[in-house]
Every structure is written in C-alpha cells, then in structure tokens.
Amino acid sequence: QVQLVESGGGLVEAGGSLRLSCTTSGLIFDDFGMGWFRQAPGKEREFLASISRSSSNTDYADSVKGRFTISRDNAKNTVYLQMNSLKPEDTAVYYCAGARFGYGPRVQYDVWGQGSQVTVSS
C-alpha cells in the first residue's frame with residue numbers, strides 16, 4: 001500500500017534548523033508532485049512548499065519563503081524540507097503529500113503522510 005513517512009521533526013530553539021524527510025513507498029514517486037503542509041493547534045492546514053516531478057519548479061508560501069527549501073531525490077523516493085531560522089510560530093505538525101497532477105498550493109493532493117511534530121522554543 002501507499003505510505004508516506006515523515007521524519008526529522010523535534011524540538012529546536014528559535015533561530016535553529018531542522019530537516020524533514022518524507023520517504024515514500026507503494027507509488028511511482030517520479031509521477032507525483034510533492035508538497036509540505038503544516039497544521040498548528042486550532043488553525044487550518046497551511047501550504048508551505050511544493051516541488052514538481054523533476055525538481056525543475058518549486059513554489060513557496062510567503063510565510064516560509066527564504067527560510068525553507070524543498071528538494072527531492074527521486075532515486076530515494078524521498079522529499080525533504082530544510083527549515084532554517086525557525087520561529088516559535090513555526091510550531092506545528094508537518095505533513096508531506098503527493099499530487100498526481102501538478103504541484104503548488106491549489107492542486108489536489110492525493111496521498112498524505114501521518115505528520116511529524118516540530119516545536120520551536122523561544
């Protein structure tokens with residue numbers, strides 16, 4: 001079955017960095033645009049970043065542009081989110097997702113991971 005497994009979350013001080021990984025199985029990874037989202041308690045899920053199948057295109061939310069970088073390794077069926085200059089307001093559960101058609105904040109994401117907690121202390 002299709003699985004997306006996030007890892008790399010944890011507790012970090014403000015100003016620090018984390019790299020999230022999302023390893024997939026059960027799907028043809030090269031066929032999917034990939035994205036990262038997050039959801040903080042009491043808030044709606046928020047789009048963060050996405051990357052096209054071949055890594056030729058990326059898209060970022062304004063809230064993370066310049067601090068977060070999405071990348072993928074199709075040989076490893078894995079997508080990454082490098083997060084720098086973290087702020088307490090970045091505290092949330094972070095999810096990766098795959099889209100069969102396209103990439104970006106407005107396409108339908110068809111498969112989702114279970115989430116990884118990121119907590120940024122002040």
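Along the sequence shown, the residues carry numbers beginning at 1.
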K.L.:
Could you tell me which non-hydrogen atom of Leu86 sits nearest to which non-hydrogen atom of Arg67, and how far apart they are?
P.N.:
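Closest approach of Leu86 to Arg67, heavy atoms only: CA-NH1, 3.9 Å.
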
K.L.:
I'd like to know if Val111 and Met34 are part of one continuous hydrophobic network [Ile/Leu/Val/Met/Phe/Trp/Tyr, side-chain heavy atoms within less than 4.5 Å].
P.N.:
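Result: yes, single cluster for both.
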
K.L.:
Grab the two heavy atoms, one from Gly98 and one from Phe32, that are nearest each other, plus how far apart they are.
P.N.:
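Taking Gly98 first and Phe32 second, the nearest heavy atoms are C-CD2, 3.7 Å.
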
K.L.:
Inspect the contact between Asp90 and Lys87 and indicate whether a charged nitrogen and a carboxylate oxygen are less than 4.0 angstrom apart.
P.N.:
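Here Lys87 does not pair with Asp90 in a salt bridge, since their nearest N and O are not under 4.0 Å apart.
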
K.L.:
For the pair Thr91 (side chain) and Val120 (backbone), establish whether a donor and an acceptor sit closer than 3.5 Å, ignoring hydrogens and angles.
P.N.:
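A pair under 3.5 Å: yes.
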
K.L.:
Ignoring hydrogens and angles, tell me if any N or O in the side chain of Ser50 forms a donor-acceptor pair with the backbone of Gly35 under 3.5 Å.
P.N.:
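Checking the backbone N and O of Gly35 against the side chain of Ser50, no donor-acceptor pair under 3.5 Å is found.
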
K.L.:
Please find the pair of heavy atoms, one from Ile51 and one from Ser71, that lie closest to each other, and give the distance.
P.N.:
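Between these two residues, the closest heavy atoms are CD1-CA, 3.7 Å.
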
K.L.:
Grab the two heavy atoms, one from Gln39 and one from Lys43, that are nearest each other, plus how far apart they are.
P.N.:
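Minimum heavy-atom contact is NE2-O, 3.0 Å.
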
K.L.:
Atom CD1 in Ile28, atom CZ in Arg53: separation rounded to 0.5 Å?
P.N.:
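One finds 10.5 Å between CD1 of Ile28 and CZ of Arg53.
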
K.L.:
Roughly how far apart are Ile70 CD1 and Leu48 CG, rounded to 0.5 Å?
P.N.:
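One finds 9.0 Å between CD1 of Ile70 and CG of Leu48.
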
K.L.:
Is there a chain of hydrophobic side chains (I, L, V, M, F, W, Y, each step under 4.5 Å between heavy atoms) that links Phe47 to Val93?
P.N.:
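In one cluster with Phe47: Val93, yes.
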
K.L.:
Working to the nearest 0.5 Å, report the span between OH of Tyr103 and OG of Ser54.
P.N.:
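So the gap between those two atoms works out to 9.5 Å.
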
K.L.:
Look only at the side chain of Glu6 and the backbone of Gln114, and say whether a donor-acceptor pair between them is shorter than 3.5 Å.
P.N.:
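The answer is yes, because a donor-acceptor pair under 3.5 Å joins these two groups.
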
K.L.:
Would you find more than 12 non-hydrogen atoms of other residues, nucleotides or ligands less than 6.0 Å from Lys65 atom NZ?
P.N.:
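Result for NZ/Lys65: enclosed.
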
K.L.:
Kindly compute the distance separating OH (Tyr94) from CD (Glu46), expressed to the nearest 0.5 Å.
P.N.:
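Output value for this atom pair is 8.0 Å.
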
K.L.:
So, taking the atom named OH in Tyr95 and the one named CG in Leu4, what distance separates them when rounded to the nearest 0.5 Å?
P.N.:
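Taking OH in Tyr95 and CG in Leu4, the distance rounds to 13.0 Å.
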
K.L.:
Where do Gly104 and Asp59 come nearest, in terms of heavy atoms and distance?
P.N.:
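Reported closest heavy-atom pair: CA-OD2, 4.0 Å.
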
K.L.:
Show me the donor-acceptor pairs within less than 3.5 Å that the side chains of residues 8-25 make with the rest of the protein, sequence neighbours left out.
P.N.:
unit_1	atom_1	unit_2	atom_2	d
Ser17	OG	Asn84	OD1	2.9
Thr23	OG1	Thr78	OG1	3.4
Thr24	OG1	Asn77	O	3.0

K.L.:
Taking a hydrophobic cluster as the set of Ile, Leu, Val, Met, Phe, Trp and Tyr residues connected by side-chain heavy atoms closer than 4.5 Å, whether directly or through intermediates, do Met83 and Val64 fall within one such cluster?
P.N.:
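Met83 clusters together with Val64.
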
K.L.:
Backbone N or O of Phe29 within a donor-acceptor pair of the Arg72 side chain at under 3.5 Å?
P.N.:
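Checked: pair present.
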
K.L.:
Are Phe68 and Trp36 close enough that their ring centers fall under 6.0 Å?
P.N.:
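No, ring centres 6.0 Å or more apart.
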
K.L.:
List, by chain and number, the other hydrophobic cluster members for Phe101, where Ile, Leu, Val, Met, Phe, Trp and Tyr join if side-chain heavy atoms come within less than 4.5 Å, directly or indirectly.
P.N.:
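None; Phe101 is a cluster of one.
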
K.L.:
What are the two closest heavy atoms between Phe37 and Ala97, and how far apart are they?
P.N.:
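Closest approach of Phe37 to Ala97: CE1-CB, 4.1 Å.
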
